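Data block below; observations after.
Note that the structure is predicted; figures quoted are calculated from it, not measured. Just so you know, these numbers use all the heavy atoms, side chains as well, and skip hydrogens, waters and symmetry mates. Naming convention: chains lettered A, B, ... in sequence-line order (proteins, then strands); numbering from 1 in each chain.
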Number of protein chains: 2
Amino acid sequence: MQKYVQLLKQNKIKITPQRLQIIQFLDTHHTHPTAEDTYKTLKKNNPALSRTTVYNSLETLRKHHIIQELTISGNEHCYDFKQGSHHHFLCRTCGLILDIDIKCPNQDRLLHNGHHIEEVHGYFKGLCKNCANKQKNKKVKP
Amino acid sequence: MQKYVQLLKQNKIKITPQRLQIIQFLDTHHTHPTAEDTYKTLKKNNPALSRTTVYNSLETLRKHHIIQELTISGNEHCYDFKQGSHHHFLCRTCGLILDIDIKCPNQDRLLHNGHHIEEVHGYFKGLCKNCANKQKNKKVKP
DNA sequence: TATTAAATTGTAATGATTACAAATTAGTAA
DNA sequence: TTACTAATTTGTAATCATTACAATTTAATA
Ligand SMILES: [Mn+2]
Ligand SMILES: [Mn+2]
Ligand SMILES: [Zn+2]
Ligand SMILES: [Zn+2]
């Protein structure tokens, strides 16, 4: 927990229990949760928590590059505490989002034709192993 | 226009004026418009057009891989008639979305750890050349 | 311990997208 | 050509994620 306090201090933003809880949640659940996922989970142990606080905090943490915001699904933002840019896979069937640890020569690009690159996102979308197997079984045994 | 008719025929979906207009719009405006952009523009020449039709048509065209759906902005879908997977740049300041034609070794991946990859999206987010210059001028001449 | 700017909270508003049912139409076959 | 039917289009209402806002609370500082 102390490491999260340090993280906020380094970024000169106020240390609040809500922010600490949100960072801790993201650090211990590498499932790329949405704001709503985060809210629902933390609300259990902190019934006074407001949904707005979760949205505000995630935005603040993002602006300070403490967390990353993914736009892989297209209808909701997902958040990721993992440091360093990495690729992701989204299963269109079950919604699973996985880290994909592959090397990419464009991962660290900072400039392209005069445009300043601040973030690089590599998204793969398709059918996960699990869902693919389920579909296969259905076809074989109808 | 005949080429759009062929495209729909090949995909065995009904040829409607709305679908033809939508494809034509995307084919002649490579600005990655949203559903709303498309609706507003086409509504001018076809006041009877429904927003729902635009959403439905874009979804149908996407399912048949006639157009691509981008999730780069995070709060709205953008559409792209351009064939073949290619990378994109989003300016966080002005909203501009550009094609980035670079080679990527992961562009044509079909499988990763048993997961079936159907789409590859490479998104760069940052500040475009134009907006960067504007910011620079502001600092120099306040 | 008092002060104050920043953060949190709850509610209302917004914006994108989807659901739905009635009306229309494209494709097909007589 | 005409009649039929399933697919499509339309308009409206509903939903879902996110943001705006004002009142209340709190973390940081002196
Ligand atoms: Mn990740
Ligand atoms: Mn493009
Ligand atoms: Zn899956
Ligand atoms: Zn710009």
Problem set entry | From C/dA7, D/dT9, C/dT9, nucleotide with atom closest to B/Thr16 side chain | D/dT9

For this session: Would you indicate what B/Asn75 reaches in the nucleic acid, counting non-hydrogen atoms under 4.0 angstrom: base, sugar-phosphate, or nothing?
Result: sugar-phosphate

For this session: Rounded off to whole Å, could you give me the OH-to-C1' distance for the B/Tyr79 and C/dT17 pair?
Result: 9 Å

Exercise. Which nucleotide, D/dT18, C/dT17, C/dC20, lies nearest any side-chain atom of A/Arg51?
Worked result: D/dT18

Exercise. B/Leu58 CG to D/dT9 C1': how many Å, rounded?
Worked result: 14 Å

Problem set entry | d(CD, B/Glu76; P, D/dC16) in whole Å | 21 Å

Problem set entry | Of the listed nucleotides D/dT18, C/dA5, C/dT8, the one nearest the side chain of A/Tyr55 | D/dT18

Problem set entry | More than 12 heavy atoms from other groups under 6.0 Å of NZ on B/Lys82 | yes

Problem set entry | Least distance between heavy atoms, A/Gly84 atom then A/Gln68 atom | O-NE2, 3.1 Å

For this session: Check whether the side chain of B/Thr60 and the base of D/dT8 form a donor-acceptor pair under 3.5 Å.
Result: no

Exercise. For B/Ile22 and D/dT9, what is the distance between atoms CD1 and C1' respectively, to the nearest whole Å?
Worked result: 11 Å

Exercise. Just wondering, do B/Pro33 and B/Leu26 contact through their side chains at under 4.5 Å, heavy atoms?
Worked result: yes

Problem set entry | Gap between atoms CD1 and C1', on B/Ile13 and D/dT8 respectively (whole Å) | 11 Å

For this session: With the side chain counted from C-beta on, respond yes when B/Thr71 and B/His77 share a heavy-atom pair under 4.5 Å apart, and no when they do not.
Result: yes

Problem set entry | Candidate nucleotides D/dT10, C/dT17, C/dG10, ranked by approach to the side chain of B/His77 - the nearest | C/dT17

For this session: For A/Asn56 and C/dA5, give me the distance from atom CG to atom P, rounded to whole Å.
Result: 19 Å

Exercise. Have A/Asp99 and A/His32 got a donor and an acceptor in their side chains that come within less than 3.5 Å?
Worked result: yes

Exercise. Hey, does the side chain of B/Gln18 come within less than 4.0 Å of C/dT25's phosphate (OP1/OP2), counting only N and O?
Worked result: no

Exercise. Which nucleotide in the set C/dA7, D/dT8, C/dT9 lies at the smallest distance from any side-chain heavy atom of A/Arg19?
Worked result: C/dA7

Seminar exercise, completed: Nearest-nucleotide check on DNA chain C, B/Thr52 vs B/Ile15; residue mapping nearer the 5' end is B/Thr52

Problem set entry | For atom CG of A/Asn11 and atom P of D/dA28, their distance in whole Å | 14 Å

Exercise. Taking atom P of C/dT24 as reference, at what distance in whole Å does atom NZ of B/Lys14 sit?
Worked result: 16 Å

Exercise. More 5' along DNA chain D: A/Pro17 or B/Asn46, using each one's nearest nucleotide?
Worked result: B/Asn46

